[in-house]
Amino acid sequence: MATSLLDKLDLNRIPEHVGIILDGNGRWAKKRFMPRVAGHREGMKRVVDIVESSSNLGIKYLSLYAFSTENWKRPTEEVSALMDLLIIYVDSQLKRLSDNNVIVKTIGDISKLPNKSRQAIEKACETTKENTGMVLNLGLNYGSRSEIIRAVENIVNNSYDVNELTEESFKDFLYTKSQPDLDLLIRPGGEKRLSNFMLYQVAYAELYFCDTLWPDFHEEELYKAIYDFQSRNRRFGGI
Ligand code: FPP
């Protein structure tokens with residue numbers, strides 16, 4: 001029988017907040033002489049699998065970077081295919097997400113999404129808001145720098161006393177308000193950069209990069225990342 005790294009994980013030291021930069025869908029499709037959209041479709045299946053595995057492992061917050069503020073620059077057909085996939089995701093998964101007690105949230109400015117996609121995702125958030133399990137943050141039209149600027153605008157516009165501002169209280173103005181910082185950031189797809197993802201929340205996260213393309217990122221890859229995380233010595237600036 002094939003062994004799984006799951007058996008080697010310390011279930012008492014599962015990272016509380018895991019972020020994943022979804023990358024490699026296009027290359028996965030290209031390698032198979034398929035259109036890029038086929039890669040995104042397969043990528044959506046991995047989102048389904050990894051959300052379930054994360055929730056089963058006891059991860060409390062899972063943040064997925066699905067569509068960045070820069071992704072609008074892609075060809076129109078690709079952007080609309082991604083927006084349609086969002087609707088397909090909600091239609092096909094909302095029941096399962098609810099059964100798994102997942103709370104769906106968004107990070108990013110979803111007001112710019114096409115109406116049907118926005119409505120689908122809002123429905124998912126509304127339907128799952130009373131759940132008590134894992135929080136799934138979907139990064140949609142998300143960019144960390146604009147999140148930080150938005151935070152500053154909110155501070156100024158709400159006449160918040162700037163003298164009261166601390167590194168901790170600033171977090172209340174981010175999309176991830178009331179959530180812990182990232183413990184582990186995973187980037188599949190071979191690139192080693194943050195691409196404007198959760199720059200404030202990533203401050204003390206362990207970074208894990210791997211060459212596996214996102215559509216090939218099955219649950220064993222997640223276990224590998226967490227196993228690696230558990231081997232790190234997190235000092236948070238101490239000794
Ligand atoms: C990056 O791969 C991936 C994206 C920009 C989109 C991610 C979307 C999904 C996984 C599917 C839909 C998700 C949800 C939540 C329904 P890339 O296209 O940049 O890959 P490449 O670097 O190989 O070109």
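In listed order, ligands and their atoms are each counted from 1. For the numbers below, each heavy atom of this structure counts, side chains included, while hydrogens, waters and symmetry mates do not.
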I need the contact type for Ile88 against ligand 1. Using non-hydrogen atoms and a strict under-4.0 Å cut-off, is it side chain, backbone, both or neither?
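Answer for Ile88: neither.
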Go through ligand 1 atom by atom and flag the ones less than 4.0 Å from a non-hydrogen atom of [X].
{"X": "Tyr89", "value": "16 (C)"}
{"X": "Asn71", "value": "5 (C)"}
{"X": "Ala66", "value": "4 (C), 5 (C), 6 (C), 7 (C), 8 (C)"}
{"X": "Leu82", "value": "6 (C), 8 (C)"}

Nearest-0.5 Å distance that lies between atom CG in Leu62 and atom CD1 in Ile103:
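Rounded to the nearest 0.5 Å, the CG-CD1 separation comes to 12.5 Å.
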Decide yes or no on ring pair (Phe, Tyr, Trp, His ring centres under 6.0 Å) for Tyr200 and Phe170, but give the supporting numbers first. CA-CA 10 Å; Tyr200 199 88; Phe170 186 77; 5.0 Å; yes
Check your understanding: Tell me, do Tyr142 and Tyr65 make a side-chain contact under 4.5 Å, heavy atoms counted?
Key -> yes
Check your understanding: Salt bridge between Arg150 and Glu153, side-chain N to carboxylate O under 4.0 Å?
Key -> no
| query | How far apart are the C-alpha atoms of Glu164 and Ser169, what are their side-chain angles, what is the distance that settles it, and do they pass the side chain to side chain contact (heavy atoms under 4.5 Å, CB included) test? | reply | CA-CA 8 Å; Glu164 295 288 309; Ser169 66; 5.8 Å; no
Quick check: does [X] get an N/O under 3.5 Å from an N/O on ligand 1?
{"X": "Gly26", "result": "yes"}
{"X": "Asp23", "result": "yes"}
{"X": "Arg27", "result": "yes"}

For atom 11 (C) of ligand 1, closest protein heavy-atom neighbour: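 For atom 11 (C) of ligand 1, the nearest protein heavy atom comes out as His40 O, 3.6 Å.
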* Measure the distance from atom 1 (C) of ligand 1 to every protein heavy atom, then report the residue, atom name and distance (to 0.1 Å) of the closest one. =>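 So the nearest neighbour among protein heavy atoms is Leu22 O, 3.2 Å.
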Exactly one of Ile110, Ile87, Leu140 clears side chain to side chain contact (heavy atoms under 4.5 Å, CB included) with Arg118, and that residue is Ile110
Exercise. Do the rings of Trp214 and Phe217 sit parallel, tilted or perpendicular, given the 30° and 60° boundaries?
Worked result: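 The arrangement is parallel - the two ring planes meet at less than 30°.
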Taking the non-hydrogen atoms of [X], is any one of them nearer than 4.0 angstrom to ligand 1?
{"X": "Gly24", "result": "yes"}
{"X": "Arg36", "result": "yes"}
{"X": "Arg74", "result": "yes"}
{"X": "Leu64", "result": "no"}

Glu52 and Gln93: side-chain donor and acceptor closer than 3.5 Å? no
Checklist entry - Do you see a donor-acceptor pair shorter than 3.5 Å between the side chains of His40 and Glu78? => result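 Their side chains do contain a donor-acceptor pair, which is all the 3.5 Å distance test asks for.
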